[in-house]
Visitor: 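One structure, as structure tokens, below. Some questions next.
Here the structure is a predicted model, which is why all the values come from computation and not from measurement.
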Amino acid sequence: MAAAVPRSSKTESYVDNKRKDDVRQSNIIAGRTVADAVRTSLGPKGMDKMIQNGNGEVIITNDGATILMKMEVLQPAAKMLVELSKSQDIVAGDGTTTVVVIAGALLKQCLTLLNNGIHPTVISESLHKVSEKSVDILTAMAVPVELSDRDSLMKSASTSLNSKVVSQYSTLLAPLAVDAVLSVLDPSKPNLIDLRDVKIVKKLGGTVDDTELVKGLVFDKKVSHSAGGPARVENAKIAVIQFQISPPKTDIEQSIVVSDYTQMDRILKEERNYILSMIKKIKATGCNVLLIQKSILRDAVTDLSLHYLAKAKILVVRDVERDEIEFITKTLNCLPIANIEHFREEKLGRADLVEEVPLGDGGKIVKITGIQDMGRTTNVLVRGSNQLVLDEAERSLHDALCVIRCLVNKRFLIAGGGAPEIELSRQLGAWSKVLHGMESYCVRSFAEALEVIPYTLAENAGLNPIAIVTELRNRHAQGEINAGINVRKGQITNILEENVVQPLLVSTSAITLATECVRMILKIDDIIMVR
């Protein structure tokens, strides 16, 4: 019997060589492994991860972006999923776990399709269509919301907080996040919110219950008391200075040898006069509060200058960080002063009260309240019993702020609890029957992939995932668009009535970013090492 004749024409069949198959397979498996690592922390009943880094620091968190950022991922395709959760964190702030879980499910389906011999480009094109169609379906489901509707904003913030470690404090933190964002919203630019205008100050001690919103400025520092200066000033005139109130140094490294006491006295006298003349200039403008920037080159203030400042009844807060200066000057509506010669009254900020407030547990903070012509900024003072809770409270609050920012950018709400994903899955499944050929096949499998979210939510809550997802499908097929998994009651209810809502932007960006990432991984057919 003759051997099979090899085909002469190269264009007839698509033969993928083994190496390219292996590269794709290893990339997809690596991506799925990363997705499985964070899958258990999805939803209100998700587990938390304890992360320990090289030098023994421990972080406890539920936030997908934080978990992936701290993980040391070496495989290049798996790194793309880490970047994916980062970009979701930047775009929407919430849904960082969701986006990775969706990407993992899509990758799993891609592997099946590739094994069935479908060309990667066909799969990639279908994915693109699925993502565009999904955004349309989600937008059709969404409910418009007004910023004046404080209730809806609070519901979406508390939904975001419910999946966090500090979920029991969501009744306190949700209104706080809403007020913080609305207070920095500029009426002239209604769609722009810069979250850098909301400064979160962490202070160890107390419990999360003691967290408060401060209209003004808060410093996690004490007033300099070494020379007995005032700790409370009313009708304050505040200067933010970037120069040092200390004797000047020589420009180059050199030592001055002093041989007798008269010269020594002259040097000390010069120093005293130098500092005194500076403080007189400061006092002449009526300034009575100084915020002094940290200095690298030499001490920003010396004991001598603090003594004279105390005599002049000027309150001093020293070691203000360089990157805080912009926020402080924006809030106080003043200008930073870089040189004593430029110290003029019009550069000062004014406030009713600057005082050092003792907290119950021995810590102290400086509060500035009643600022005149205050910039559109706000401070949140977060408290916590230990560092882990404090950091997690800050991360959770950041997510809640981002959710409100999403609603400001795109004013639509959508149901939570796995409802949008099941609805997408149902509608895409119906749409796949209209399409022809391979596309129809690909779209159907991606529609199945989206069921991973409700499945995981049910699984993490200890319910029977198969029964729950089947029941959900059934409800949606009967036209109940907003039916979702109620994790607290362990059954399926109308999620909008339960106040489980999220911004439209979180869902749409999760789908588009996940599909983009999966398409990129699919298109890679070789890894080349370069030294």
Visitor: Atom CD1 of Ile314 and atom CD1 of Ile245: how far apart are they, to the nearest 0.5 Å?
Guide: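 Nearest 0.5 Å value for the CD1-CD1 distance: 7.5 Å.
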Visitor: Looking at every heavy atom in both Ala300 and Gln293, which two are closest together, and how far apart are they?
Guide: CB-O, 3.9 Å
Visitor: Are Asp63 and Thr61 linked by a side-chain donor-acceptor pair shorter than 3.5 Å?
Guide: no
Visitor: Are the side chain of Arg411 and the backbone N or O of Val145 linked by a donor-acceptor pair below 3.5 Å?
Guide: no
Visitor: Distance-only, no hydrogens or angles: does the Gln75 side chain make a donor-acceptor pair with backbone N or O of Ala77 under 3.5 Å?
Guide: yes
Visitor: Scan Leu138, Leu513, Ile414 and name whichever one has a side chain to side chain contact (heavy atoms under 4.5 Å, CB included) with Thr508.
Guide: Leu138
Visitor: Please test Arg519 against Glu516 for salt bridge (charged side-chain N to carboxylate O under 4.0 Å, His left out), starting from the C-alpha separation and ending with a verdict.
Guide: CA-CA 5 Å; Arg519 285 181 68 193; Glu516 255 174 40; over 6 Å; no
Visitor: Checking side chain to side chain contact (heavy atoms under 4.5 Å, CB included) between Ile368 and each of Val214, Leu217, Ile328, which is the one that passes?
Guide: Leu217
Visitor: Mark yes or no for whether Ser156, through its side chain, and Ser152, through its backbone, hold a donor-acceptor pair below 3.5 Å.
Guide: yes
Visitor: Determine the minimum heavy-atom distance between Phe327 and Thr378, stating which atoms define it.
Guide: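 Heavy-atom minimum between the residues: CZ-O, 3.8 Å.
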Visitor: Taking only Lys NZ, Arg NE, NH1 and NH2, and the carboxylate oxygens of Asp or Glu, determine whether Arg350 and Asp373 approach each other closer than 4.0 Å.
Guide: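 Salt bridge: no.
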Visitor: More than 12 non-hydrogen atoms from neighbouring residues, nucleotides or ligands closer than 6.0 Å to CZ on Arg376, yes or no?
Guide: yes
Visitor: With a 6.0 Å cut-off (strictly less than), is the heavy-atom count around NZ of Lys283, excluding the residue itself, greater than 12?
Guide: yes
Visitor: Thr329: which residues meet the side chain to side chain contact (heavy atoms under 4.5 Å, CB included) condition with it, sequence neighbours left out?
Guide: Val240, Ile325, Cys334, Pro336
Visitor: Using the side chain to side chain contact (heavy atoms under 4.5 Å, CB included) rule, take Arg383 and Leu359 through it: C-alpha gap first, then chi angles, then the decisive distance, then the call.
Guide: CA-CA 10 Å; Arg383 308 295 308 282; Leu359 302 168; 3.7 Å; yes
Visitor: If you count the non-hydrogen atoms of other residues, nucleotides and ligands that lie under 6.0 Å from NZ in Lys237, is the total more than 12?
Guide: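 Yes, NZ of Lys237 has more than 12 neighbouring heavy atoms, counting only those of other groups under 6.0 Å.
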Visitor: Answer yes if the side chains of Ser305 and Thr302 hold a donor-acceptor pair under 3.5 Å, and no otherwise.
Guide: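 Yes, a side-chain donor-acceptor pair sits under 3.5 Å.
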Visitor: After noting the C-alpha distance and the side-chain angles of Val408 and Leu147, does the key distance pass the side chain to side chain contact (heavy atoms under 4.5 Å, CB included) rule?
Guide: CA-CA 7 Å; Val408 171; Leu147 288 187; 3.8 Å; yes
Visitor: Say whether, by atom type as modelled, one donor and one acceptor occur between the side chain of Asn379 and the main chain of Gly216 under 3.5 angstrom.
Guide: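 Yes: the side chain of Asn379 pairs with the backbone of Gly216.
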Visitor: Which of these, Ile511, Leu42, Val38, Val506, sits in a side chain to side chain contact (heavy atoms under 4.5 Å, CB included) with Thr98?
Guide: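 Of all the options given, the one that passes is Leu42.
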Visitor: To the nearest 0.5 Å, how far apart are CG in Asp94 and CZ in Arg405?
Guide: 11.0 Å
Visitor: Given Thr377, which partner from the list Asp197, Thr331, Asn333, Asp194 fulfils the side chain to side chain donor-acceptor pair (under 3.5 Å) test?
Guide: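 Going through the options one by one, the only one that passes is Thr331.
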Visitor: Just wondering, more than 12 heavy atoms not from Lys313 lying within 6.0 Å of its NZ?
Guide: no
Visitor: From Gln168 CD over to Asn162 CG, what is the distance, rounded to the nearest 0.5 angstrom?
Guide: 10.5 Å
Visitor: Could you report the tightest heavy-atom contact between Ile521 and Leu107, atom names first, then the distance?
Guide: CG2-CD2, 4.1 Å
Visitor: If you take all heavy atoms of Gln263 and Ser259, which pair is closest and at what distance?
Guide: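 Taking every non-hydrogen atom into account, OE1-OG, 3.2 Å.
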Visitor: Grab the two heavy atoms, one from Cys406 and one from Leu505, that are nearest each other, plus how far apart they are.
Guide: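 Closest pair (atom of Cys406, atom of Leu505, distance): SG-CD2, 3.8 Å.
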Visitor: So does Ile59 get a backbone contact from the side chain of Asp391, meaning a donor-acceptor N/O pair under 3.5 Å?
Guide: no
Visitor: Between Thr33 (side chain) and Ile29 (backbone), is there a donor-acceptor pair under 3.5 Å?
Guide: yes
Visitor: Answer yes or no: does atom CZ of Arg322 have more than 12 heavy-atom neighbours from other residues, nucleotides or ligands under 6.0 Å?
Guide: no
Visitor: Out of curiosity, Lys203 NZ to Lys221 NZ, how far, rounded to the nearest 0.5 Å?
Guide: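 It is 9.5 Å, given to the nearest 0.5 Å.
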Visitor: Which heavy-atom pair separates Ile200 from Leu401 by the least distance, and what is that distance?
Guide: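 Scanning both residues completely, I find the closest heavy atoms to be CD1-CD1, 4.2 Å.
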Visitor: Tell me if the CD atom of Glu346 is crowded by more than 12 foreign heavy atoms within 6.0 Å.
Guide: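 Yes, the 6.0 Å shell around CD holds more than 12 heavy atoms from other groups.
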Visitor: For residues 79-88, pull every pair meeting side-chain hydrogen bond (donor to acceptor under 3.5 Å, both in side chains), keeping only residues two or more places apart or in separate chains.
Guide: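 The answer is Gln88-Ser509.
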Visitor: Please report the C-alpha distance between Ile28 and Arg32 in whole Å, then the side-chain angles of each, then the deciding distance to 0.1 Å, and finally whether the side chain to side chain contact (heavy atoms under 4.5 Å, CB included) criterion is met.
Guide: CA-CA 6 Å; Ile28 289 176; Arg32 280 177 55 196; 4.2 Å; yes
Visitor: Taking salt bridge (charged side-chain N to carboxylate O under 4.0 Å, His left out) as the cut-off, I'd like each qualifying pair that reaches into residues 205-217, sequence neighbours left out, listed once.
Guide: Glu212-Lys367
Visitor: In Å, rounded to the nearest 0.5 Å, how long is the span from CZ of Arg150 to NZ of Lys155?
Guide: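 It is 13.0 Å, given to the nearest 0.5 Å.
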Visitor: Is there a donor-acceptor contact under 3.5 Å from the side chain of Asn460 to the main chain of Arg39?
Guide: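 At least one qualifying donor-acceptor pair exists.
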